[in-house]
Amino acid sequence: MPDPARLSINHVTTKRWTLPDAIAGYARNGVRGIGLWPASVLAYGVADTRRALDAHGLVATSYCCGGMFVATGKAERAKQRERNRALLEQAAELGAKSLVCVSGGLPAGEKGLQAARQRTADELAELLPFARSGGVTIGIEPIHPMKAADVSSLSTLSEANALCDALGDGLGIIVDVYHVWWDPDLGHEIQRARGRIAGFHLCDWLPTMEENIGGRGMMGDGVIDIAGIRAAADRAGFDGFYEVELVSTVWEQRDPVEVVKICVDRYRTHC
Ligand code: ZN
């Protein structure tokens, strides 16, 4: 059974709650971490969010998402860099463990995934000194290849490890079971990520694509060997929070009080 003290829930899991309600609701159920999204943090205020976290004894386990390195023109690139630097500053003020960066897919009209991958590496190299000086880890998250066109040209842990090899300190990897469970090299790449795992996301892959259209499944409702992948991350030295990130049009309709209780229960029994 995973350590109850290492459970975190991403606010996206209980969207019907405002941010202050989510912070209080998670704390009430013994959850000690929360994954934060800029939209709700900026609406509530960064300083007020930090105060609410501290008052309830919660840790911001992630701030998501930065990255989206899809700008090709000079002016758009400058704007994109500015946005990512602002997110890093907010993450630092929140005391967030990492700024999760998603690479972005293909810009409109472009067909070359290789160019998109190179742009990600270049932009990360540009952003890293700023992240290091602010003490925030950039967590790159490989996303399932079905989203390569519109969300992330970075699809595998192998590519993420190669970026860490090339770019060095300040870069970490977010392991999300939904995105990497299918990878035949998963065990090897998690071992290779020793010392780099900056976050671990929980949910499940439902058995058919039709079911997946509505979003992700609750842990235990799908086909992922979550406990096995989690244990592999622990063997690779990961000692951070496991964050439930249940992006789902089905679950977001449900009563958040009930959803949190189910998360806590499934974490105990299926993770
Ligand atoms: Zn994730």
Side-chain angles (χ1 to χ4, degrees), residues 2 6-15 22 26 31 33-41 59-69 87 91 94 96-105 120 136-148 150-161 163-164 171-183 186 189-190 193 196-206 212 214-219 221-226 229-230 232-233 238 240-252 259 263 266-267 270-271:
R6 291 173 69 184
L7 172 62
S8 169
I9 300 178
N10 192 295
H11 184 202
V12 78
T13 306
T14 57
K15 264 186 174 170
Y26 297 172
V31 177
I34 182 170
L36 299 170
W37 288 65
S40 58
V41 167
V59 174
T61 53
S62 68
Y63 193 44
C64 177
C65 312
M68 301 309 282
F69 305 117
L87 289 170
L94 292 164
K97 296 280 182 199
S98 62
L99 174 69
V100 178
C101 277
V102 174
S103 71
T120 296
V136 176
T137 299
I138 293 179
I140 45 172
E141 181 168 350
I143 303 288
H144 194 284
M146 69 177 172
K147 302 300 285 177
D150 60 340
V151 176
S152 176
S153 57
L154 176 74
S155 307
T156 63
L157 280 174
S158 166
E159 294 169 274
N161 270 315
L163 278 171
C164 288
L171 197 59
I173 298 174
I174 309 294
V175 178
D176 184 327
V177 295
Y178 184 80
H179 296 304
V180 301
W181 70 278
W182 56 274
D183 187 343
L186 184 60
E189 293 297 335
I190 286 179
R196 293 173 174 165
I197 302 176
F200 193 99
H201 292 171
L202 297 169
C203 67
D204 214 334
W205 183 279
L206 299 171
N212 269 290
R216 307 176 190 186
M218 176 62 75
M219 296 87 75
D221 288 348
V223 297
I224 302 177
D225 174 17
I226 301 171
I229 302 173
R230 191 190 59 73
F238 178 63
F241 281 81
Y242 302 108
E243 181 182 311
V244 179
E245 188 188 44
L246 190 52
V247 185
S248 162
T249 53
V250 177
W251 284 90
E252 74 181 23
V259 174
C263 285
R266 295 293 182 89
Y267 175 71
H270 287 83
C271 296

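Both counts, for ligands and for their atoms, begin at 1 and track the order of listing. Values below: every heavy atom of this structure, side chains too, minus hydrogens, waters and symmetry copies.
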Minimum heavy-atom distance E245-C203, with the two atoms named: O-CB, 3.8 Å
Qualifying residues under ring-ring contact (aromatic ring centres under 6.0 Å, His included), relative to W205, sequence neighbours excluded: H144, Y178, W181
Check: E243/S62 side-chain N/O donor and acceptor closer than 3.5 Å: yes
Polar protein atoms (N, O or S) that approach the Zn ion (ligand 1) to under 2.8 Å: E141 OE2, D176 OD2, H201 ND1, E245 OE1
D176: partners by salt bridge (charged side-chain N to carboxylate O under 4.0 Å, His left out), with sequence neighbours left out: R216
Shortest non-hydrogen separation from A198 to T137 and the atoms involved: CB-CG2, 4.1 Å
Test salt bridge (charged side-chain N to carboxylate O under 4.0 Å, His left out) applied to D225 - qualifying residues, sequence neighbours left out: none
